[in-house]
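Let me begin by presenting the structure, written as C-alpha cells, before commenting on it.
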Number of protein chains: 2
Amino acid sequence: MGDSRQLKEAGLKITMPRLKILEILEKSNDHHLSAEDIYRVLLDMGEDIGLATVYRVLTQFVEAGLINRHNFEDGYSVYELTNEEHHDHLVCVKCGRVEEFMDEVIEQHQKMIAERANFLMIDHSLNIYGLCPSCR
Amino acid sequence: MGDSRQLKEAGLKITMPRLKILEILEKSNDHHLSAEDIYRVLLDMGEDIGLATVYRVLTQFVEAGLINRHNFEDGYSVYELTNEEHHDHLVCVKCGRVEEFMDEVIEQHQKMIAERANFLMIDHSLNIYGLCPSCR
DNA sequence: CTAGTTGCAAATCATTTGCACTTGC
DNA sequence: GCAAGTGCAAATGATTTGCAACTAG
C-alpha cells in the first residue's frame with residue numbers, strides 16, 4: 001500500500017499514528033471526519049494514540065497538502081483527502097450529512113469575481129446549508 | 001431613530017446594552033464585527049457592558065433575524081446587519097479585510113444544485129479567500 | 001411587581017502546547 | 001544516537017452558563 005510512500009513524499013517520518021490516521025481517512029465511507037471522529041475510530045481499533053496527536057497529525061497532513069480542512073457552521077473542523085478533485089458542499093443542518101457537488105459555471109464566476117476585485121485567489125469554499133432528502 | 005422599534009418588533013426589551021450594540025453595528029464602517037470588536041468599542045465609549053452580554057445580545061439578534069453570523073476560517077465569528085441584500089464575501093487571508101459581492105448566476109446555480117439534490121436550502125455561504133489588492 | 005436582563009466568575013468545547021519519554025532511520 | 005514524534009496533562013481562546021443583583025414595562 002502506498003500510504004508510507006505518501007508520507008515519505010510529504011517529508012514525514014513513517015509512524016504508526018500517521019499510518020493509521022491516513023488509513024482511516026482513506027477507508028471511511030464518510031469523506032468528512034472530525035478529529036474526534038478519527039480519535040474514536042482509533043480507540044475502537046484498540047490503538048493507543050492521543051487526541052493531541054490526532055490534531056497534530058491532521059495539521060501536518062493539511063500543511064503537506066494530503067488533506068483539506070473545512071469549517072462548516074457547527075463549531076468544529078472536518079478533514080477529507082485531497083486526492084479527489086475540487087468540489088463544494090451541501091450540508092444538512094439536521095443530521096450533519098454532507099454531499100459534494102461541482103459546478104463549472106460557479107467556478108468560472110468565482111475566478112472572474114476575484115479578478116475583477118483584484119484579489120489573488122488562494123482558496124474558496126461554498127457551502128449550501130439545508131435539509132437533506134431524509135430530514136426535510 | 002428606529003433602533004428601539006426594531007428591538008420591540010424582535011420581541012426584545014429595550015435596554016442600554018442592546019441599543020448600544022445595535023448602534024455600533026449600524027454606524028461602523030466595517031460591516032463585519034466580532035464580539036470582541038464590539039466589546040472594545042463599548043469600552044471606548046465608556047459603557048459598562050460585559051463581554052458575556054455582548055455574546056448574548058448578538059445571539060438574540062441573530063435569532064431575531066436582525067443580524068447574520070459568519071464563520072470565516074479565522075476561528076472566530078463576525079456579525080453584520082441583515083438589512084442589506086444577500087451577498088457573499090471575498091476575505092483577505094493576510095489583513096482580514098472583507099469585501100462583498102453578489103453574482104446572480106452563482107445564486108441561480110446554487111438553487112438549481114440544491115433542488116437537484118433534493119435539499120431544502122436554508123442558507124448558503126460562499127467565501128473566496130485570497131490576497132487583497134494591497135496585500136498581494 | 002416580576003419576568004427578562006445583566007455582570008461577573010466559573011464552566012465548556014475544540015484545539016494547542018510544554019515536557020519528559022519513545023521511536024524511526 | 002539523536003532529532004523527530006508521541007502521550008499526557010495543563011494551557012488556550014472563543015464562547016456559554018450559573019447565579020445573585022438589577023431594571024423595563
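Just so it is clear, the structure is predicted and the values come from calculations on it, not from any experiment. Residue numbers start from 1 in every chain, and the chains themselves are labelled A, B, ... in the order their sequence lines are given, proteins ahead of strands. What you see below is based on every heavy atom in this structure, not just the backbone, and it leaves out hydrogens, waters and symmetry mates.
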ask   = Say you pick atom C1' in C:dA11 and the same atom in C:dG7; how far apart are they, in whole Å?
value =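 16 Å, rounded to whole Å.
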Given atom [atom1] of [X] and atom [atom2] of [N], what is their separation to the nearest angstrom?
| X | N | atom1 | atom2 | value |
| --- | --- | --- | --- | --- |
| B:Gln60 | C:dT6 | CD | C1' | 11 Å |
| A:Ile38 | C:dA14 | CD1 | C1' | 14 Å |
| B:Lys8 | C:dG4 | NZ | C1' | 15 Å |
| A:Lys20 | D:dT6 | NZ | P | 14 Å |
| A:Glu36 | C:dT12 | CD | P | 16 Å |
| B:Asn71 | C:dA14 | CG | C1' | 13 Å |
| A:Phe72 | C:dA14 | CZ | P | 17 Å |
| B:Ile49 | C:dC8 | CD1 | P | 11 Å |

Are any of [X]'s side-chain N or O atoms less than 4.0 Å away from OP1 or OP2 of [N]?
| X | N | result |
| --- | --- | --- |
| A:Ser77 | C:dT15 | yes |
| B:Arg18 | C:dT6 | yes |
| A:Tyr55 | C:dT15 | yes |
| A:Thr15 | D:dT6 | yes |
| A:Arg56 | D:dG5 | no |

task = Taking atom CE of A:Met45 as the centre, report whether more than 12 heavy atoms of other residues, nucleotides or ligands fall under 6.0 Å from it.
result = yes
query = Should B:Leu81 and B:Glu26 count as side-chain neighbours, where that means a heavy-atom distance under 4.5 Å?
reply =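 In contact.
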request  = Would you please indicate yes or no on a ring centroid separation below 6.0 angstrom for A:His89 and A:His32?
outcome  =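 Between A:His89 and A:His32, which both carry aromatic rings, the centre distance is below 6.0 Å.
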ask   = Do the rings of A:Phe72 and A:Tyr129 sit parallel, tilted or perpendicular, given the 30° and 60° boundaries?
value =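 Judged by the thresholds at 30° and 60°, the geometry between A:Phe72 and A:Tyr129 is perpendicular.
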Among [options], the one nearest [X] by side-chain distance:
| X | options | answer |
| --- | --- | --- |
| B:Leu12 | D:dT16, C:dT6, C:dT5 | C:dT5 |
| B:Lys13 | C:dA3, D:dA9, C:dT6 | C:dA3 |
| B:Val57 | D:dT16, C:dT16, C:dT6 | C:dT6 |

ask   = Backbone N or O of A:Glu73 within a donor-acceptor pair of the B:Arg69 side chain at under 3.5 Å?
value = no
key: 5′-ward residue of the pair B:Leu51/B:Ile14 relative to DNA chain D   = B:Leu51
